[in-house]
Amino acid sequence: MPVHEPHLQPDACYLALKARDARFDGRFFTGVTTTGIYCRPVCRVRTPKRENCRFFGHAAQAESAGFRPCLRCRPELAPQSMAWSIQDAGAILAQQAVRLLDEPEAWTSEPATVESLAGRLGVSDRHLRRLFEAQLGVSPLQYLQTRRLLTAKQLLADTDLPITQVALISGYASVRRFNAAFVEHYGLNPTQLRREGGQGGHGLQVRLGYRPPYDVASMLGFFATRAMKGVETVSPERSELSRTLGIESAGVQHAGWVTARFDEERHLLAVEVSDGLRTVLPQVIRRVRAMFDLDADPQAINAVLHEPFPNGDGLRVPGAPSGYELAVRAVLGQQVTVAAARTLAQRLVDRFGVAIETPLPGLQRLFPAPAVLASAGGDALGQLGIVRQRQAAIVAIAQAVHEGRLQLHAGADIEATMAALKELPGIGDWTAHYIAMRALRWPDAFPAGDIALQKALRVQDQRNPAREAEAASLAWKPWRSYAVIRAWYGAT
């Protein structure tokens, strides 16, 4: 089967493989014909001969070609591909399809199938299959199967969840189908992947990879200046962040806590998840990946942004543990300082947040759920110092999320979601772009009206600074969100 990745250059891939270059982790996988195994570029096994290597842009391509995932480097730990197109309509649609399949929270009300995916994209099943074959070299069913199996593989290796629960969480309707798919594709029974011995710590532990360079100090500093007491703690000296987290899935509320610690030497984020979140572990993992922007491709981004922003090569776009929470905090941050916005958010947590027991010092409250703020009265919000316009915006966001009319995650349709946001009271272009940048994970968001951004770009004294900022940003497509972060960073 040919590799449908025109950007892959086999000789260059082999050089990266020999160097075990972490910058290429997740950008390609190597299938070794003599073993039938496919690996990440960072795998520590002996480098195979060049003639025995085949290179694939996606794990699904490697698996559809008959290769099984390496049990040592574990391809499911690799950062995901983040290729963006702003011109090719087929590539744009394929990107949206992949984003939907990769986002567990997009499928809490119905199972992910080729038919349901085509329906959401507004195309026929046949066109969707043609699109996947042309853009990725695999069918949507093959991609979905690989995503499910790799999710299951990580849960089996890193947790003590029962096999039945792993099967259901990974998207299989029955344990029988799960076992059959696992044996067929990997030649192993699921129980054979279980690690020996128990886990230490207080909860489940998983590892998530990222590509260097990564400015850990700046990322943790960003979260530290915005941390809400009782909800988040940040320890720069330990390269660690902990916080409480609530997730609603299929009408059921799940609550617990997450701790993430950077292992910079191995380019990993070690994540510990409480038992209260074990049944929504794929959603937690996806949220953590988005929160720390682990899937960013610095090589592609820096090729566009290094010259105008040479000091920002390791910066990432900070995400959020919840798109809804981020949207509420974005409203609180309208036209005020970061410190003032944090104060308002703290008051909101203290007044409406629910108490939760955790074994971690400093974590004892959850951010207010959508249902709570949806029913909050103007007087109660006003007593916290929140002005009337922002009261209406917060209630409108909470109601839209609670009723399922607004999806604020990486799998959401960006254009439609931004339009829906701007129809809500008190949500303008700046807020919509800020939410798209941090919650929807759109790498090309650009809040041109941001005063700090205009000052950083030195256009604040122009007759129309927003228009001048927008014009300057065109050279940074499709990575303008990263340009915004670099501009803000350079201005501090």
Side-chain angles (χ1 to χ4, degrees), residues 59 68-78 80 101-108 111-112 144-209 242-261 268-291 294 321 356-360:
R68 303 185 307 278
C70 177
L71 297 180
R72 183 166 181 176
C73 69
R74 299 181 56 194
E76 70 272 15
L77 300 183
Q80 296 177 15
L101 290 178
D102 286 344
E103 180 54 66
E105 293 192 57
W107 305 101
T108 56
L144 180 60
Q145 180 81 293
T146 298
R147 172 61 52 220
R148 287 173 173 169
L149 287 171
L150 289 180
T151 297
K153 185 174 180 294
Q154 182 169 23
L155 297 180
L156 288 168
D158 287 346
T159 77
D160 60 356
L161 292 172
I163 299 295
T164 301
Q165 207 166 12
V166 170
L168 295 176
I169 290 174
S170 303
Y172 288 90
S174 70
V175 176
R176 182 183 60 80
R177 290 185 180 181
F178 171 58
N179 286 336
F182 219 86
V183 172
E184 178 186 354
H185 285 79
Y186 295 165
L188 292 171
N189 186 285
T191 57
Q192 292 178 272
L193 278 176
R194 284 290 190 196
R195 286 182 175 177
E196 295 181 1
Q199 296 192 25
H202 298 289
L204 307 170
Q205 299 175 47
V206 295
R207 295 176 294 164
L208 309 174
S242 299
R243 67 156 295 142
T244 60
L245 186 61
I247 295 179
E248 181 180 345
S249 179
V252 179
Q253 291 285 348
H254 306 268
W257 51 266
V258 174
T259 292
R261 183 181 300 110
L268 288 172
L269 189 68
V271 183
E272 193 170 358
V273 183
S274 69
D275 284 341
L277 297 170
R278 63 167 49 214
T279 56
V280 288
L281 192 55
Q283 290 97 313
V284 174
I285 290 173
R286 186 67 177 170
R287 289 192 185 198
V288 171
R289 295 204 72 93
M291 182 176 178
L294 299 183
I356 181 176
E357 292 187 9
T358 79
L360 307 180

Show the atom names and distances, to 0.1 Å, of all donor-acceptor pairs under 3.5 Å that link a side chain in residues 175-185 to residues at least two apart or in another chain.
residue	atom	partner	partner atom	Å
Asn179	ND2	Val175	O	3.4
His185	ND1	Ala181	O	3.1

Discussion item. Looking at every heavy atom in both Pro282 and Thr151, which two are closest together, and how far apart are they?
Written reply: CG-CG2, 4.1 Å
Fill in: Qualifying side-chain hydrogen bond (donor to acceptor under 3.5 Å, both in side chains) pairs, either residue in residues 242-251, two or more places apart
Glu232-Arg243, Ser242-Thr259, Arg243-Glu325, Glu248-Gln253, Ser249-Gln283
Worksheet entry | side-chain contact (heavy atoms from CB on, under 4.5 Å) evaluation trace for His254 with Thr279 | CA-CA 8 Å; His254 306 268; Thr279 56; 3.1 Å; yes
Discussion item. Could you report the tightest heavy-atom contact between Ser170 and Leu155, atom names first, then the distance?
Written reply: OG-CD1, 4.0 Å
Worksheet item: Can Arg286 and Glu105 be said to form a salt bridge (charged side-chain N to carboxylate O under 4.0 Å, His left out), step by step?
Response: CA-CA 9 Å; Arg286 186 67 177 170; Glu105 293 192 57; over 6 Å; no
Item to complete: Show your reasoning for whether salt bridge (charged side-chain N to carboxylate O under 4.0 Å, His left out) applies to Asp158 and Arg74.
Response: CA-CA 11 Å; Asp158 287 346; Arg74 299 181 56 194; 2.9 Å; yes
Worksheet item: Got Lys153 and Leu188 here, is their nearest side-chain heavy-atom distance under 4.5 Å?
Response: no
Practice prompt. Flag the pair Ile169 / Val280 as yes when at least one side-chain heavy-atom distance between them is below 4.5 Å, and no otherwise.
Written response: no
Worksheet entry | Heavy-atom closest pair, residues Arg68 and Tyr186 | CD-O, 3.1 Å
Practice prompt. Search all heavy atoms of Leu245 against all heavy atoms of Leu277 and return the closest pair with its distance.
Written response: O-CD2, 3.9 Å
Worksheet item: Do the side chains of Leu360 and Trp257 get nearer than 4.5 Å, heavy atoms only?
Response: yes
Practice prompt. Using a 4.5 Å cut-off on heavy atoms from C-beta on, say whether the side chain of Arg147 contacts that of Leu101.
Written response: no
Worksheet item: Does the side chain of Leu77 reach to within under 4.5 Å of the side chain of Leu208, using non-hydrogen atoms?
Response: no
Worksheet item: Would you call Val258 and Glu272 a side-chain contact if the rule is heavy atoms closer than 4.5 Å?
Response: no
Worksheet item: Do Arg287 side-chain atoms and Pro321 backbone N/O form a donor-acceptor pair below 3.5 Å?
Response: yes
Practice prompt. Hey, could you give me the CD1/CG distance between Ile285 and Leu204, rounded to the nearest 0.5 Å?
Written response: 9.0 Å
Practice prompt. Please examine the side chains of Val206 and Gln154, heavy atoms only from C-beta on, and report whether any two atoms are closer than 4.5 Å.
Written response: yes
Fill in: Flag side-chain contact, heavy atom, 4.5 Å: Leu149 against Glu76
no
Worksheet item: Closest approach of Gly256 and Ser274, non-hydrogen atoms and distance?
Response: CA-OG, 3.2 Å
